[in-house]
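All remarks here apply to the structure that follows.
All figures in this text were calculated on a predicted structure; none of them were measured in a lab. Chain letters run A, B, ... following the sequence lines, proteins first, then strands; residues in each count from 1.
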Amino acid sequence: MNSREVYMDHGATTPVREEVLEAMLPFFKEQYGNPSSVHSKGREVRNAVEEAREKTASALGASPGEIYFTSGGTESNNIVLRGAAKKHEGFGHIITSAIEHHAVLDVCRDLEKEGHRVTFLPVDKYGRLDPSTVEDAITPETFIISIMAANNEIGTLQPLEEIGAIAAKHNIIFHTDAVQVVGQLPVDLKKMQVDFLSLSAHKFNGPKGVGALYKRKGIKIDPLYRGGGQEGKLRPGTENVPGVIGLARALELSVEEIPHKINTLQSLRDKLIEGLLKIDEVVLNGHPEERLPGNVNVSFKYIEGEAILLSLDMEGIAASSGSACSSGSLDPSHVLSAIGLDHQTAHGSVRFSLGRGNSETDIDYVLEKVPAVVDRLRRISPIRRSG
Amino acid sequence: MNSREVYMDHGATTPVREEVLEAMLPFFKEQYGNPSSVHSKGREVRNAVEEAREKTASALGASPGEIYFTSGGTESNNIVLRGAAKKHEGFGHIITSAIEHHAVLDVCRDLEKEGHRVTFLPVDKYGRLDPSTVEDAITPETFIISIMAANNEIGTLQPLEEIGAIAAKHNIIFHTDAVQVVGQLPVDLKKMQVDFLSLSAHKFNGPKGVGALYKRKGIKIDPLYRGGGQEGKLRPGTENVPGVIGLARALELSVEEIPHKINTLQSLRDKLIEGLLKIDEVVLNGHPEERLPGNVNVSFKYIEGEAILLSLDMEGIAASSGSACSSGSLDPSHVLSAIGLDHQTAHGSVRFSLGRGNSETDIDYVLEKVPAVVDRLRRISPIRRSG
Amino acid sequence: MYNEKVVDHFNNPRNVGDLPDADAVGETGSFKCGDTMKLYIKVKDERIVDVSFQTYGCGAAIASSSMLTEIVKGKTLDEAMQVTNQDVAEQLGGLPPLKLHCSNLAADALHNAIAEYRKKQEVAGKG
Amino acid sequence: MYNEKVVDHFNNPRNVGDLPDADAVGETGSFKCGDTMKLYIKVKDERIVDVSFQTYGCGAAIASSSMLTEIVKGKTLDEAMQVTNQDVAEQLGGLPPLKLHCSNLAADALHNAIAEYRKKQEVAGKG
Ligand SMILES: Cc1ncc(COP(=O)(O)O)c(C=O)c1O
Ligand SMILES: Cc1ncc(COP(=O)(O)O)c(C=O)c1O
């Protein structure tokens, strides 16, 4: 249909890279044993799973006993929040932010309905949380603080070390949803003083449907699911063997490449931002510096996100939007509302998320195509700038 | 190490078959989009996922809207039981059997601790449930009946149609854990009158880490996990795309082949049983006729299961056992206890589970090797027959 | 997601823009999802002789708007009053269920435009 | 799961069977997991000159039994009393954590055998 294909939706998901698929392949047809089996077909697979655990741990600076494989970021988040609530006696208090992913936010809302109290901390117009608001929110009943490492829509990074220090001082469990950060930026568990960290393989060129949970040694939560007792009972069910092998390999590779990748991505990102802001009435969403190296989020005034995505798609450009219509809901994203965007600016937001494989040429191509798309849609729009 | 490799642990897991892996492969590196994305990279994958749902539905005689993809049998079971309990107002009553898989049994035990009442129905010495005990156990508070289609250890089939009729008559939700049956025997949702059915892909030559839940249209339960709202909110999280493609293909193929496969497996099974029973002091566990076409479970008296498995493994034979020592626990399997086996008979149980790829020659090989293994271990054993 | 016809109307919307000499303008908007539409009509002998639109909204909203203008051009006002949002969606060959609400503004804007036209006529008649 | 040494002792257990002319037999068993072991010893001048075992149990139990007989053959009774289950597991090059309890019967059976021998001696001495 179009000459070029430019994938700029790495925040949604990423392709599995060659080396990762290669590592996974033997575990479908050849090494297919159940890791719980006594025989050698099972034992060879058990060894492979434990090696994957060691690799994952070492990429995160954790020990293997602190890594639990799950079916993805959503499950990791749910296990931590529900598990901590289940472990807590009676009803308690949870601190989180207003801009968490639904896999944290909606769990908290559910727990609130069930009787727990939840503080959804506000963020500033860049999406940053003020650590002092965390400390102020703490009550004697607070049993968990859950703050995402970086926002999936606007890319804003949170001051995790400061928050971790506060949580540690008050001896409260600290969880971070690091799904957008792992594999993109260095993660220092010690410095951040986190007790739990969620990650999802398909965000760093690993397979979909597999994730992990880091649980600091000694911290206890109650399991939600019951079954064969796999993953230290925290996540029972026959292991997704090719998945965990793929996760470990993808993590290993992407963490190795971080030092080199950060600079490349950041300079592509900044070039794209600069170019987009040259278009009339475009605003940058999120923090100008404290943002994911691959995240660009802008609002095109007077036009609507889904319409922009469709038009970009015709040009071979894949991006995403926090617009209501792109998700089938009626409200624009809670994140864009939380940073104070009016309805229309929120509806015009588009996220270009860069990743492995994006090049300078991709940026040039996008910057060539976007102005015409915006212009065309603005011509259709009844809304006019007042100036 | 040994000349032959004979895999007879299909009840634990199965290799992914060639056609299934082929169907999955494009979804790692090429069709990698997120099904929730607006752009064409996402839409092509959404279409593939919905096609997989249609295939799965049609293999089960359901409609696509009744199929929810999960991360496996364990998750499917947990979603149903916990979800029904969550939906139920206040504490209620659950009916299940004493020989369910831990992914049902231990969820029920958990719910019991939380305040629900649970009846764990006994089974006869063959592992069969008497449907009249189900009817007798029903109280006005009963909100779900969960009975497995076939037992994973001893292979005994349950009278699901009778139980379904009772559940329907009393208007109680009826769930069956059909993980061991789907792909092995025909499943007729209408006749069984089930509201929920759990299945797991890796039991029928599909990939590990993906399963499905059939939910009859109109029946409502509360979701446990929260997140991006995928799978009708019942199982949120980015879809395991290659996984669901693989599940659908594996199910389609294995259901197609059932008529042919049943006879082959049954005759292999019966030949193996006959041969094993020729050995001194060996008893068959489970029902002589009402059993899975591929399931053979016998107890070798005076010797212990794990030791037998290890010895078989040296001969290249992969099997499993309900012995405590094979699972690292202290007690032998609850199933073998429930059918009334004494400790030592339970400890000497070995399951040979046949599946795709097993041949007459495999049976001959096993029947050639087992007697020597049993003899050797009995020579080491201090326990002697009294006769 | 969208069928070819929707995509065509989205990519090549018919009758876009304002009509400087319109006899009436109908506006409508969804407060919730923020979509807004303006429909301009030119009427002669109780018949819509020209029509154009401006829409702020998603692909479904733009395509529905465009389709509506095709449907009503040449229709009498009474005929046009019979056109429903459902007709628009049907003429487009269907819309994804989640997107149906996005097509709801097109017929509303039309009916508003006709109402405005009638009101103007009344005032003119009286005056 | 098991290392090579364990596997070797499981496959080729040393000193299997009963000793028809044993001076004492020690028995032990785990009620819980059902393992049972019998240890036969032949003693001369306070020294174990021959030893054999029979074990009902898993791979770890059988290998531990076999290893124990190798350890104690030739030891004085006092030396043999010092042997612990931990020694047996160590001499085997380690056992999986979940399997440690399965190796616990070997030294127990030995100590029971020695106790029986001493009791017999006492009776004989008195008699
Ligand atoms: C910040 C964040 N948390 C959680 C998730 C959920 O991850 P998954 O869809 O892999 O379960 C995502 C991805 O969508 C995310 O961006
Ligand atoms: C009867 C039964 N139910 C549930 C399960 C759990 O399935 P999975 O391990 O794929 O979650 C199994 C398999 O171990 C099973 O045999």
Side-chain angles (χ1 to χ4, degrees), chain A residues 1-2 9 12 281 299-334 336-337 340-350 369 372-386, chain C residues 1-19 22 25-40 52-69 95-106 108-109 112-113:
Chain A
M1 195 189 220
N2 33 261
D9 201 10
E281 309 238 29
S299 283
F300 298 97
K301 297 212 173 170
Y302 317 124
I303 53 180
E304 193 273 341
E306 195 231 44
I308 305 173
L309 297 189
L310 285 178
S311 304
L312 291 174
D313 190 44
M314 307 285 167
E315 307 290 353
I317 301 168
S320 75
S321 168
S323 158
C325 271
S326 77
S327 64
S329 82
L330 283 171
D331 293 310
S333 111
H334 63 285
L336 301 175
S337 306
L341 297 197
D342 60 84
H343 245 56
Q344 258 174 19
T345 311
H347 277 297
S349 93
V350 174
K369 294 297 179 188
V373 162
V374 171
D375 189 54
R376 183 180 90 87
L377 290 173
R378 283 190 178 159
R379 279 175 200 277
I380 304 178
S381 174
I383 312 174
R384 294 269 173 263
R385 42 214 119 157
S386 38
Chain C
M1 180 171 54
Y2 295 131
N3 65 41
E4 271 177 45
K5 201 158 185 185
V6 177
V7 170
D8 176 42
H9 274 273
F10 170 69
N11 275 332
N12 312 294
R14 333 296 198 241
N15 310 305
V16 172
D18 55 357
L19 278 185
V25 185
E27 247 191 281
T28 189
S30 151
F31 279 103
K32 257 299 195 181
C33 80
D35 287 2
T36 313
M37 178 177 175
K38 267 189 177 170
L39 190 85
Y40 302 81
S52 75
F53 81 94
Q54 292 174 315
T55 291
Y56 166 89
C58 65
I62 290 173
S64 303
S65 306
S66 163
M67 178 45 93
L68 178 89
T69 63
L95 284 168
L98 283 171
K99 289 292 178 179
L100 269 177
H101 76 273
C102 309
S103 70
N104 282 349
L105 32 70
D108 293 358
N112 290 348

TODO: First locate atom CD1 of A:Ile380, then atom NZ of C:Lys38, and finally report the distance between them rounded to the nearest 0.5 Å.
DONE: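 Nearest 0.5 Å value for the CD1-NZ distance: 15.5 Å.
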- [ ] With sequence neighbours excluded, tell me which residues meet side chain to side chain donor-acceptor pair (under 3.5 Å) with C:Ser64.
- [x] none
Open item on the list: Tell me every residue that passes side chain to side chain donor-acceptor pair (under 3.5 Å) with C:Asp108, counting only those two or more places apart in sequence or in another chain.
Closed with: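 With neighbours one apart ignored, the set is C:Asn85.
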TODO: Could you look at A:Ile303 and say if it's the side chain, the backbone, both or neither that has a heavy atom under 4.5 Å from chain C?
DONE: backbone
- [ ] Could you check if a side-chain atom of A:Arg376 sits within less than 4.5 angstrom of a side-chain atom of C:Pro13, using non-hydrogen atoms only?
- [x]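 In contact.
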Task: Flag side-chain contact, heavy atom, 4.5 Å: C:Ile62 against A:Glu304 - done: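 Sidechains of A:Glu304 and C:Ile62: no contact.
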Minimal non-hydrogen separation, [X] against [Y], with atom names:
{"X": "C:Gly57", "Y": "A:Ala307", "value": "O-CB, 3.5 Å"}
{"X": "A:Glu306", "Y": "C:Cys58", "value": "OE1-CB, 3.1 Å"}
{"X": "A:Tyr302", "Y": "C:Tyr56", "value": "O-CD1, 3.1 Å"}

TODO: Measure C:Asp18 against the heavy atoms of chain A and call it side chain, backbone, both or neither at under 4.5 Å.
DONE: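 It is neither, since no heavy atom gets under 4.5 Å.
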